[in-house]
2 protein chains.
Amino acid sequence: MEQSRRNQILEVAQKMMRDSGFHGTSMRDIAAAMNMEAASLYNHISGKEEILKSTCFGLAEKFQSGIDEVNDIYFNAVEKLQMAVKSHVQLLTENLDASFVFIHEWRNLNEPYRAEFVHLRDKYENAFRVILQNGEDEGLFKEVDYKFAVLTILSSMNWVVEWYKPDGGMTPVQIAEKLTDFILSGLKK
Amino acid sequence: MEQSRRNQILEVAQKMMRDSGFHGTSMRDIAAAMNMEAASLYNHISGKEEILKSTCFGLAEKFQSGIDEVNDIYFNAVEKLQMAVKSHVQLLTENLDASFVFIHEWRNLNEPYRAEFVHLRDKYENAFRVILQNGEDEGLFKEVDYKFAVLTILSSMNWVVEWYKPDGGMTPVQIAEKLTDFILSGLKK
DNA sequence: CATAAAAACTAACGATCGTTAGTTTCGATT
DNA sequence: AATCGAAACTAACGATCGTTAGTTTTTATG
């Protein structure tokens with residue numbers, strides 16, 4: 001089954017927005033990359049903001065599904081963390097351009113979508129916090145400032161989109177393993 | 001000594017670009033926030049891009065000076081890392097809006113400035129790598145993938161601009177200490 | 001108070017933006 | 001071959017963009 005024209009547009013737009021940002025990418029730019037006129041895009045999408053909404057909310061749902069799945073199944077906290085990181089990194093690397101837009105351009109959503117996006121983000125962060133609390137309850141993790149720890153973990157994961165190259169030396173799974181190791185044990189010998 | 005009009009404009013612009021991005025903030029927006037007309041801005045700055053250049057390169061120089069100072073003085077690797085993180089976090093929190101623009105909007109620089117900025121960024125990252133190598137040579141740190149470790153450390157630090165509030169519960173020094181602890185020892189008990 | 005520089009103003013330029021209206025072409029189904 | 005919807009097109013709209021030119025006001029200096 002071939003890709004719908006709409007999804008082709010979304011992918012092209014995401015790639016361009018990764019380089020130039022949301023406001024730096026015009027409908028005419030996107031159309032040119034698709035070898036069509038700007039007006040023709042409107043046969044497939046309702047407007048420019050829909051590109052951003054689709055990208056941000058589509059990925060938000062994927063991330064949330066990933067962590068829900070991890071949390072539903074029983075693992076101890078270390079296993080949960082391992083799997084959550086793995087899920088996150090795999091989604092990031094499988095949707096690299098979209099993830100980049102997701103992470104950097106969501107601020108350009110207009111209300112009420114921006115607020116709704118922040119709400120989903122908070123929900124996702126909270127799922128990570130629950131894992132850290134589990135770890136502390138089980139005596140596996142130190143007592144930590146949850147908010148601080150969650151944000152630090154998420155930042156390490158999200159920064160992967162800045163440097164990951166599909167043809168580079170590390171697979172997504174290897175990245176997830178290194179990240180988990182770093183998060184759990186740090187640098188010290 | 002009171003602040004120059006130029007610096008007032010830069011600070012207002014940075015604050016607005018933090019919310020709306022570089023392309024999302026117009027010269028007329030900036031002027032309105034300064035209670036003046038857009039054309040009047042040009043008595044103080046040469047154009048919109050100069051705001052971005054000044055912000056990005058001004059901060060880049062501060063960050064580099066910070067780590068150079070740390071590396072000049074003799075410390076062992078753990079001390080160097082502690083001081084480098086402290087310097088970075090203090091600069092971030094002292095220049096919160098500018099740092100946000102520095103981290104998120106540098107892509108909007110036109111060549112050759114974008115390339116020059118990337119070069120400075122690489123130089124800064126390299127200074128951190130040297131610290132990690134020192135640590136390994138001294139037997140203090142694990143053998144690590146330097147590139148990966150540096151990017152992960154930088155991401156944890158940079159993400160602070162996303163959530164830090166001056167009136168929040170943590171001082172910059174406390175944040176730096178928690179970050180260093182996290183980087184060195186991780187979550188595990 | 002005269003003067004000159006600094007810093008504001010009004011007005012407008014050409015360019016580009018997202019989007020709409022209306023029309024034509026393409027491609028699959030009868 | 002006729003038909004009809006999908007998907008492209010041309011043309012243009014009003015808005016806004018960064019910036020410039022020329023002028024007036026403000027402020028500091030003698």
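Side chains included, hydrogens not; waters and symmetry mates left out as well; all remaining heavy atoms used. Here is how names work: the chains are called A, B, and so on, in the same order as the sequence lines, proteins then strands, and each is numbered from 1. Please read these numbers as outputs of a predicted model, since none were measured by experiment.
Both the sub-6.0 Å distance and the 45° axial angle are not jointly satisfied by A:K15 relative to the ring of A:F100.
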Full working for salt bridge (Lys or Arg N to Asp or Glu O under 4.0 Å) between A:D19 and B:R107: CA-CA 7 Å; A:D19 288 332; B:R107 274 166 235 274; over 6 Å; no
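Over its full length, the helix from C:dC1-D:dG30 to C:dT30-D:dA1 turns its helical axis through 10°, comparing axes from the five pairs at each end and rounding to 10°.
Proximity of A:S40 to the phosphate of D:dA7: no side-chain N or O atom is located under 4.0 Å from OP1 or OP2.
Here D:dC9 presents its P atom at 7 Å from CE of A:M36, a figure rounded to the nearest Å. For B:M34 and C:dA7, the CE to P distance is 11 Å, given to the nearest whole Å. Counting to the nearest Å, the C1' atom of C:dA8 and the CZ atom of B:R6 are 18 Å from each other.
Across all non-hydrogen atoms, the minimal contact from B:M170 to B:I175 is CE-CG1, 3.6 Å. Smallest separation of non-hydrogen atoms from B:I30 and B:A13: CD1-CB, 3.8 Å.
None of B:F102, B:W159, B:F63 except one satisfies the ring-ring contact (aromatic ring centres under 6.0 Å, His included) rule with B:H88; the exception is B:F63. Put simply, the residue from A:M16, A:M34, A:M17 that forms a side chain to side chain contact (heavy atoms under 4.5 Å, CB included) with A:D29 is A:M16.
Residue B:E37 has its side chain nearest to C:dC9 when only C:dA8, C:dC9, D:dA8 are considered.
A:Q14 places no side-chain N or O within donor-acceptor distance of the main-chain N or O of A:V101, the cut-off being under 3.5 Å.
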Letter per nucleotide, 5' to 3', of nucleotides 11-27 of chain D [B base touched, S only sugar-phosphate touched, - untouched; heavy atoms, 4.0 Å]: BB----BBBBB------
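Scored by the ring pair (Phe, Tyr, Trp, His ring centres under 6.0 Å) test, A:W106 finds A:F117 as partners (sequence neighbours excluded).
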